[in-house]
Structures are given as structure tokens and as C-alpha cells.
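Following: one structure in C-alpha cells, then a few remarks.
Every heavy atom of this structure was used, including side-chain atoms; hydrogens, water molecules and symmetry mates were not. Letters A, B, ... mirror the listed sequences (proteins, then strands); counts begin at 1.
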There are 2 protein chains.
Amino acid sequence: MVARSSRVTIHDVARAAGVSVSTVSKALNDTGRMASETREKIKSIAADVGFRPNALARSLLFNRSFTVGLLTNDTYGRFTLPLMSGISEALVDHGVSVFLCAIEDDPELAKVHVDAMLDKQVDGIIATGKRIDRSLPVDLAGLPVPVVYAFTEGVPGSVVLTADDADGARLAVERLRKVGRRKIVHVTGPDSFVSAVERADAFRQAVGAGAVVMHGTWTEGWGHEAVALLWDDEKPTPDGIFCGNDQIARGVVDALRERGVRVPEDVSIVGFDNWEIFADQTRPALTTVDMNLKELGRTAGLTILDLAEGRSVEAGLRKLPCKLVVRQSCGGDREI
Amino acid sequence: MVARSSRVTIHDVARAAGVSVSTVSKALNDTGRMASETREKIKSIAADVGFRPNALARSLLFNRSFTVGLLTNDTYGRFTLPLMSGISEALVDHGVSVFLCAIEDDPELAKVHVDAMLDKQVDGIIATGKRIDRSLPVDLAGLPVPVVYAFTEGVPGSVVLTADDADGARLAVERLRKVGRRKIVHVTGPDSFVSAVERADAFRQAVGAGAVVMHGTWTEGWGHEAVALLWDDEKPTPDGIFCGNDQIARGVVDALRERGVRVPEDVSIVGFDNWEIFADQTRPALTTVDMNLKELGRTAGLTILDLAEGRSVEAGLRKLPCKLVVRQSCGGDREI
DNA sequence: TTGAAAGCGTTACCAA
DNA sequence: TTGGTAACGCTTTCAA
């Protein structure tokens, strides 16, 4: 047995207006030719009875569901949420909604979700994760819908969007230089992360000969440890530290305070990520690199839309610029 | 003009199997009567050609989209993500997908999203937010689909799910008592939050006469300040502090360390939220109350499903129990 | 045991 | 200017 809808259909509008269903359709969609009087009358009646077309029926007809899937294994949502927000913002104007699927690192679960999305005829899938050099635990190649990878590894020949790590590193060094820092070191995460390596390379290039890069973990603890290594040494201490993320920066700032080293008077600190919960609560608040994840999301959304609507998009890795968010940890925030 | 699907339809299966469309449907759905040989043969052919029924078509027919909407104004996702994860986990087994809509505090945007969800015939809507005593900027009453409120204020007569704040407070005090603490104070957020008040009331009841509750902001800074107030006083200092969230707890722990007060040897600390990024990184790691948001999400998902499938659900506010996550800041983690 | 036909709600084509 | 009809992909009823 088939359930009955309790909602207002186009038939109801047609009956109320005393015209045919096709006339109503044409009136509401501003298609076809008809007396503008009739059109207006129908529109007003439709509004009165609260008619809204059933998107499922239209989707079936157009073979477009106005729906995209967002697949993520970033459980904690550090990257997914801003991305999601950008995607949604870009697509809502086009009437497109977003299915969010959290797949952890479970290939089975991932497959279930992908199948569910395909069954529901999503117009495209955006894949995202925690790092650019790891792929999701599911093969998205050869799907009957377009796929865009954002902040996760894509298959060869696919469209991949990510933040420009080198650009971020350059922004950080540039800022440290601008406030007069000359002995700058980089304290960052493991060199098994492509992001860490790209930032480190750009850092070395910007700082020049003798650039010091310290790889560790992405934690506050490593920030403390790095400060101990730098200050318990005989060598001269740095006057600027570029940290690979805001957690490390937080650790560095706390460790320096405990040693009586003033931030930003004695040492300037720049973080990475602009994770506001850390950046704002650190004393002093962190000047940090923002990866523009929301903008990345917006771009991903528009790209998947282009693809879904048959416009061609250049394949390959596209790096979007970062921006620097100035707070107090670097100094110069008042003068500049 | 109407676009053509490039996917395998039931017609393709019928053609390949040399039977009619209706026979294929019956075979695959295990309905109707037919030679089990035929049925198996059709099933195998369907699998071979990779047939998956178009969910849109079925939805249109059944008037069930196997889709629910999750509406949130919790931009930062502190509460939304675990909730979402629970919802998704509970519903994926039922073939239900989740539309996530972030609406900030924009009523216009909220309406756009709600309309989009209704157009897409969602089977129900779960509304969630940042606090139980504020409602979303959109009226969800009188919608043609069921609504469940989770962690946000609902309209009278609706189904509202939330964490049991009093239970959380009791768990915290119980733990502090268990490790031998006798002079316990509660440092928490503003008394304009119902959650803060409910926890404080339960705290007072558990601790008894002379219970000290200090209201402030939900920040690390307030944690520092509270410690200053408590320790710069002439009065005897507490040996246990129950904090209203993990950020306050972090501030308290840091402030105590700076004063040379040992945690947990001299003072035991219990936080609230189990926000892992704070709880884990605090030294010592925080023993804290977990609101079981994932479980709350699971319950919300199953509840909306009940409603969508016509089963009746008791209206009103339902409080789900919290749990204590033991780390090192309270002590007793090894003995007990 | 199988298949033709109607119908879910909508849009588009063509005839009136 | 308007309306009948077919079609989107599927399930179900009813007839063969």
C-alpha cells in the first residue's frame, strides 16, 4: 500500500484555481505563454494554500537531486566544520542541501554511506579528511557522480582543493620580519606530514641560510619541550617562533611565560590554524595563520556544482591562499 | 527537456533477464509469488549489472524520503558534532541520511533551510543548539513533519532531549568525596544559564550546608581568577574543585600549578564536558563529566524515526544521564 | 507464475 | 491561451 501525502500538491492548486495542472506548473515556473492575469491569480492562490513543489518529484524528472554528499573522517570536526559551513553557504543559494556523513576510518561504513548517497542520487560528493596526504578508506573513483577532494588525498586525475601551506609559512615569516625579528625558528609537527614539510620548506626559503626547523608532535607538550631545548642550550635564543599549529604555539607561549620570557616583548610567536578556542584563550592571544577553510569549502561547493551542471573543471591540485590573523602574540598589532 | 539517467534502471535488469519490470521488482523485494529459481536468477543478474533502486522514485511512491534534517546554530560544533555522530550512527542502519544545516542565528537563513528540507520531504527534523534555555531563531511548531529538540529549547508540548545536569554534578561530587575531599567548591559559568544553575543546585544539595558556588564566565580566565579569589583569601583553601566546564578547569589547574599547589595531591579537580582537546592536554589530564552527547544523538535519531513511522512518543523534557570520565586531575584513578 | 497498467508529483511537449 | 498526455523510476494491484 502506498502512503498518502498530507501536503498541498499542484493538483490542489489546480482545483482551487479552476485550471489544469499544466497551467499551474507553467504559471508558477514563469514558463509558457499565458495571460499575466491568470498567472498572477494562480500564483496568489498557490501562495494562499501554501503550495511548495515536491522536490523529490522534480528531482526524478530532472535527474538532479539538488543534494550533495560530504564525506569526512575528521571525527573531531576541526577541519570539517568550517568547510561544511562554506559549502553550505555557497550552495544554499542554489537550493542545494548537504548530506554529512562521518565515516571514521571504517571502510565498510564508508561504503554504506556512499551507496546511500548514490541511491539518493546526490549530484556530487565532496570528500574531506584530516590531512592532505592520506586518502579516505573508500575508493571514490569511477562513481557515476562528480567528486571533489578537499583537504584529503584524491585519486590521480581528480580535482583536489587544499590550503597553500607554503603561502601560510611565508605570511608568518613576513610578519615576524615586519616586527623586527631576525632569529626565527620553526617548531612544528612530524615530518611525516606533507603539510609540515611544505611549511618547513617554505620557512627555510623565507628565512634563508641557517634556518632552524624542529619537528615533533602537534601537541602543547611539544611546544613546552621545544622551548626547553632552545633555552636550556648554550646557543643564543630565538626572538621569533613560527609554530606549526596553535596547540604547539599555546605550549610555547605557556612555557616562555613560566621562564619569565615575555611574549611578544622578548619573543614573537605566530601560530597556525586560527583555531579560535586556542588562539583566543592563549595569553597573549595568538597571531596565527588561517587556512581559509570556509572559503575552501565555498570553492569546493561551487566546483562540485560546476561539475554537476556539466561545466568542465580543471583537474589537479589547487592550492588556496592563507591569511594572517593578527592578535597579540607577535607584537606590532597596534603600530601596523 | 528532461535529462537522461546514465545509471542502471530496473528496466535494464528486466531486459537483461528477459522478464517484465514488475517481475524484477517482486523478485528483488521478496514480494509476490514466483519460482524461486526465477527470483534467484533475477537477483543475480541485478547484482551483475550493478542495479541499485533509485531512492527518489521509491520516496515519491512511499512518501518517505529516508532523510532527516539536523538544524543547528552551534557554529563551533562543540555539541553538534558528537550529536550528529550519534544520530547518523543510529539511522544509517535504517537507510536514513542526515542533512546538516548550520543556521548561525539568522532567522532568514533558518527559514530557507527549513523550507529546503521540507521541499525535499525530510521524514523529520532534529533541532539542536548551544544551550538548553535558548531556542533556535525559527518556529518549528506546526510543521508537517515531526520535530525533536536536542540540547535546545523546544515549544510547549514538544519532545525535548537533554543531558541531566544535576546528575553530572552529583557524579562529580561523588567522585571528589570518594577520593577523600571534604572542602569542595564549585566554579562555574554565569547564573543566566539554566545548566549552570541546575548543576549548582545539585552541587549544593550534594555538598550540604555551606556549599560555595562561584559564578563567572565559561573561560580559562575565570578559572585563574577564581583560584586567586580562593587562595588570596584568609579563609582555608578548598581541597576539591568542581568546574562548570573543561575550560574553567584548565584555567584552575594552570593557576594552581603556578602557585605551587599540586593537582591532584593537594587539590582534586573535576571538569565538565569531556572536551577531549582540553581534557587530554591539561596537565594533569582532566577527570571530567561527559554529557553522553553521542548517546543523546542516538536517542534523538531513534525518536525521530519512531515519530516518522507513526509510533507515539511521550512529549516533554527527557534528561539523559551523564558519565564520569576518569583521568588524573582528581586522583584515585589508580586505586579505584 | 507472470505481466500490463496505474499511480506517486512534477514538468514539457504538442495539439486544440 | 490553455489542457491533455507522456515521462522520470519505482511498486502494487489485478488480470491473464
Just checking [X]: base, sugar-phosphate only, or nothing, at a heavy-atom cut-off of under 4.0 Å?
X        : answer
Arg58(A) : sugar-phosphate
Thr38(A) : sugar-phosphate
Val19(A) : sugar-phosphate

With the side chain of [X] defined as its heavy atoms from C-beta on, choose the nearest nucleotide among [options].
X        : options                  : result
His11(A) : dT10(C), dT2(D), dT11(C) : dT10(C)
Lys26(A) : dG9(D), dT10(C), dC13(C) : dC13(C)
Phe62(B) : dG9(D), dT12(D), dT2(D)  : dT12(D)

Atom [atom1] of [X] and atom [atom2] of [N]: how far apart are they, to the nearest Å?
X         : N       : atom1 : atom2 : result
Leu118(A) : dG9(D)  : CG    : C1'   : 16 Å
Arg7(A)   : dT10(C) : CZ    : C1'   : 15 Å
Arg33(A)  : dT2(D)  : CZ    : C1'   : 12 Å
Asn63(B)  : dT10(C) : CG    : C1'   : 14 Å
Asn29(B)  : dT13(D) : CG    : P     : 13 Å
Phe66(B)  : dC10(D) : CZ    : P     : 15 Å
Ile10(B)  : dC8(D)  : CD1   : P     : 14 Å
Leu60(B)  : dT12(D) : CG    : P     : 14 Å

**Message:** Just N and O in the side chain of Ser22(A): are any of them under 4.0 Å from OP1 or OP2 of dG3(D)?
**Reply:** no

**Item:** Phosphate contact (dA4(C) OP1 or OP2) by Ser20(B) side-chain N/O below 4.0 Å
**Value:** no

**Complete:** Contacts of Thr31(A) and Met34(B) projected onto DNA chain C by closest heavy atom; the upstream (5') one is Met34(B)

**Prompt:** If you count the non-hydrogen atoms of other residues, nucleotides and ligands that lie under 6.0 Å from CZ in Arg311(B), is the total more than 12?
**Reply:** yes

**Request:** Before giving the answer on side-chain hydrogen bond (donor to acceptor under 3.5 Å, both in side chains), spell out for Thr80(A) and Thr72(A) the whole-Å C-alpha distance, their side-chain angles and the decisive distance to 0.1 Å.
**Result:** CA-CA 7 Å; Thr80(A) 297; Thr72(A) 179; 2.7 Å; yes

**Message:** Closest-nucleotide mapping onto DNA chain D: is Gly18(A) or Asn54(B) further toward the 5' terminus? I mean the 5' end.
**Reply:**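 Comparing both residues, the 5'-ward one is Gly18(A).
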
**Complete:** Of all heavy-atom pairs linking Ala163(A) and Leu296(A), the shortest is N-CD1, 4.3 Å

**Prompt:** Is any side-chain N or O of Thr9(B) under 3.5 Å from a base N or O of dG9(D), one able to act as donor and the other as acceptor?
**Reply:** no

**Request:** May I ask you to decide if Ala308(B)'s main-chain N or O and Asp123(B)'s side chain share a donor-acceptor pair within less than 3.5 Å?
**Result:**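 Such a contact is absent between Asp123(B) side chain and Ala308(B) backbone.
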
**Message:** Can you see whether Lys120(B) engages Ser97(A) through a side-chain donor-acceptor pair at a distance of less than 3.5 angstrom?
**Reply:** yes

